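Data block below; observations after.
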Protein chains: 2
Amino acid sequence: MKVEEKGTRGEGNQLLARMPAALADLMFAHLEPVSLPQGLVIEQPNEPVEHIYFPTGGVISIVAMNGEGNAQIEAGLVGREGMSGTMVVMGTDRSPHQTTVQIAGTGYRLEADRLRDALEQEPLRERLLHYCHTLSVQTAHTALANAKLKLDARLARWLLMCHDRIDGDEVMLTHDFLSIMLGVRRAGVTVSLHILEGQGLVRATRGQIRILNRRGLEEMVGGCYGVPEAEYARLMRD
Amino acid sequence: MKVEEKGTRGEGNQLLARMPAALADLMFAHLEPVSLPQGLVIEQPNEPVEHIYFPTGGVISIVAMNGEGNAQIEAGLVGREGMSGTMVVMGTDRSPHQTTVQIAGTGYRLEADRLRDALEQEPLRERLLHYCHTLSVQTAHTALANAKLKLDARLARWLLMCHDRIDGDEVMLTHDFLSIMLGVRRAGVTVSLHILEGQGLVRATRGQIRILNRRGLEEMVGGCYGVPEAEYARLMRD
DNA sequence: CGAACTTTGTGCGGCTCCGCACGGAACCTC
DNA sequence: GAGGTTCCGTGCGGAGCCGCACAAAGTTCG
């Protein structure tokens, strides 16, 4: 799932790669390289989206929150395999979720209207719809993990999904940040990380988690990792 | 959210209602009235979908399962406001989920290829994409509920979503069925139902739950019900 | 009407995670 | 290098749900 190349035409993001030249004027000419600092709020709940982001590095996170704003949970994780602003592909300009940069990185952004224009091109629309489908499969499996897995396994799953989207094996994140994503206590993350460390799967230091044994993490998650990834692979190959 | 009318052109299903006449030959002529017996499997994981279902009554349920098939959870609930087979709208023919009839009812079905033809019509495609969007918001909020709510609140949320989709106030379901949807013990459902009963919100008898106090149920769920419903209302009015 | 089956009620020990709380370690700033 | 800030480690009592198990009540069918 790792793609290394960088460039000026959207290279480095898998949704933009290998798209037909017909999109050059409609879309690629309008892509604007941006950096994605940690904590940047990309989309606010129920407010019109102005820019679509295509990461080439780093991780952004889609957070569902309840009506009273007192509960929130990560519902989707997006890296260079994907995009923000999927609701535009679905024909609307806003969603009730919040989207923020979870792990700093880089990418391109595009005005939402430019994307709307470009969606007239069938190959692009189909590709982005396929991505929206895999993202919603990912969300469904997050619902599954939240209901059925113990905290250490959920943490392992999250680390795997994150690892898929970064270069190298080091995730720069605090326990506190993770606890919000997983919807648990910060102390719970600390303890669960120790469990993973005890099995030699990761090494945690202040603000950083190094993945040591991917295979081991996958075993720990026991079948609750990989289905959305397989769906992505099925639809995005070619 | 209640729609009562029945007919021969898809009336009774809110996605099919008030669509332009241009779709008559492409789609409405091919709609086939069907009954939806409880337990009917509408879609199998990773197998091509042959028919799309538009319920006019009853409830169908989209279930996400892990790779090893030993864990499953309801990821989406669909009634006469929606449809099965959303992956066809997204441009593919299969998904890793299973779809079954949860509460017996009626509806129309359509060959998947007929839907593919009809999607060429912009108004239909936009409407169905909007629905897919709200369904994925629903899934995200299921992930939220699974992570943050206690069992009695999750049960209340499920009953509310179900109540939105049926006529009357009686849900015909066993505790066992519910426990599978919620991913918990059957005995846990029994106890939680007693809690709801104790507060006068529902009345449970063998194989049946009667909703007595919707407002009370909504209060019990505390802001974790209603966001997907509001998104549906926003996009589907007109 | 009695037997077989389905559904619901209840209990018990145990694990997981919660809320709360505090101390210590690492890092940053002046 | 002193002081503040952020981050991490740990502990305690308790709530919630688990797995397991069994009894009772309702339903179906011969």
Side-chain angles (χ1 to χ4, degrees), chain A residues 37-39 70-73 102-104 143-159 170-199 202-210 220-222 224, chain B residues 38-39 70-74 102-104 143-159 170-199 202-210 220-222 224:
Chain A
Q38 185 172 40
N70 53 14
Q72 59 180 55
I73 200 81
Q102 190 66 246
I103 295 177
L144 175 61
N146 291 354
K148 306 292 283 188
L149 295 187
K150 284 183 286 187
L151 180 47
D152 46 8
R154 286 177 59 200
L155 179 56
R157 175 175 178 267
W158 197 93
L159 291 173
E170 292 184 3
V171 185
M172 301 304 293
L173 274 185
T174 66
H175 299 186
D176 208 78
F177 229 84
L178 271 168
S179 74
I180 293 170
M181 291 304 101
L182 297 172
V184 298
R185 282 181 316 154
R186 191 272 313 161
V189 172
T190 303
V191 172
S192 286
L193 266 175
H194 291 170
I195 294 174
L196 301 188
E197 267 190 300
Q199 303 185 219
V202 303
R203 174 87 188 103
T205 51
R206 189 188 168 90
Q208 179 196 92
I209 300 165
R210 172 189 288 271
M220 159 154 271
V221 185
C224 282
Chain B
Q38 183 171 41
N70 52 13
Q72 60 180 57
I73 199 83
E74 185 179 80
Q102 190 66 246
I103 295 177
L144 175 61
N146 291 354
K148 305 291 282 186
L149 296 186
K150 284 183 285 186
L151 180 47
D152 45 7
R154 286 177 59 200
L155 179 57
R157 174 174 179 268
W158 196 93
L159 291 173
E170 292 185 1
V171 185
M172 302 303 293
L173 274 184
T174 66
H175 300 184
D176 207 78
F177 230 84
L178 271 168
S179 75
I180 294 170
M181 290 304 102
L182 297 172
V184 298
R185 279 182 318 153
R186 192 273 314 161
V189 172
T190 303
V191 172
S192 286
L193 267 175
H194 291 170
I195 295 174
L196 300 189
E197 268 191 299
Q199 304 186 215
V202 304
R203 173 86 188 105
T205 52
R206 188 185 170 92
Q208 177 196 92
I209 301 165
R210 172 189 288 269
M220 159 154 270
V221 186
C224 282

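Numbers restart at 1 for each chain; the letters A, B, ... are given by sequence-line order, proteins then strands. On a predicted model such as this, the values are computed, not experimentally measured, just so you know.
One interatomic measurement links the two molecules: NZ of B:K150 to P of C:dC18, which rounds to 13 Å at whole-angstrom precision. Atom P of nucleotide D:dC17 and atom CD1 of B:I73 are separated by 13 Å, given to the nearest angstrom. Atom CG in A:L149 sits roughly 14 Å away from atom P in D:dC18 (whole-Å rounding). One atom, CG of A:L178, and another, P of C:dC17, lie 15 Å apart when rounded to the nearest Å. Atom P of nucleotide C:dC18 and atom CZ of A:R154 are separated by 8 Å, given to the nearest angstrom. Rounded to an integer number of Å, the gap from CD1 of A:I195 to C1' of D:dC8 is 16 Å. If you measure from atom CG of B:L155 to atom P of D:dG16, you get 15 Å, rounded to the nearest angstrom. Computed from coordinates, the A:L182 CG to C:dC18 P distance equals 10 Å when rounded to whole Å.
A:L196 has its side chain out of reach of A:I209: every pair of non-hydrogen atoms, C-beta onward, lies at least 4.5 Å apart. You'll find the side chain of A:H175 reaches within 4.5 Å of the side chain of A:L193, heavy atoms only. Side-chain contact check for A:M172 versus A:I103: every heavy-atom pair is 4.5 Å or farther apart. Under the 4.5 Å side-chain criterion, counting only non-hydrogen atoms from C-beta, B:T190 is not in contact with B:R185. In this structure the side chain of A:I180 reaches within 4.5 angstrom of the side chain of A:D176, judged on heavy atoms.
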Can you tabulate the close N/O pairs, meaning under 3.5 Å, that link protein atoms to atoms of nucleotides 9-11 of chain C?
unit_1, atom_1, unit_2, atom_2, d
C:dG9, OP1, B:H194, NE2, 3.4
C:dG9, OP2, B:H194, NE2, 3.1
C:dG9, N7, B:R186, NH1, 3.2
C:dG9, O6, B:R186, NH2, 2.9

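Among the nucleotides C:dC17, D:dC17, D:dG26, the one closest to the side chain of A:L151 is C:dC17.
How far CH2 of B:W158 is from CD of B:E74: 6.0 Å, rounded to the nearest 0.5 Å.
Judged by distance alone with a 3.5 Å cut-off, no donor-acceptor contact links the side chain of B:R206 to the base of D:dT27.
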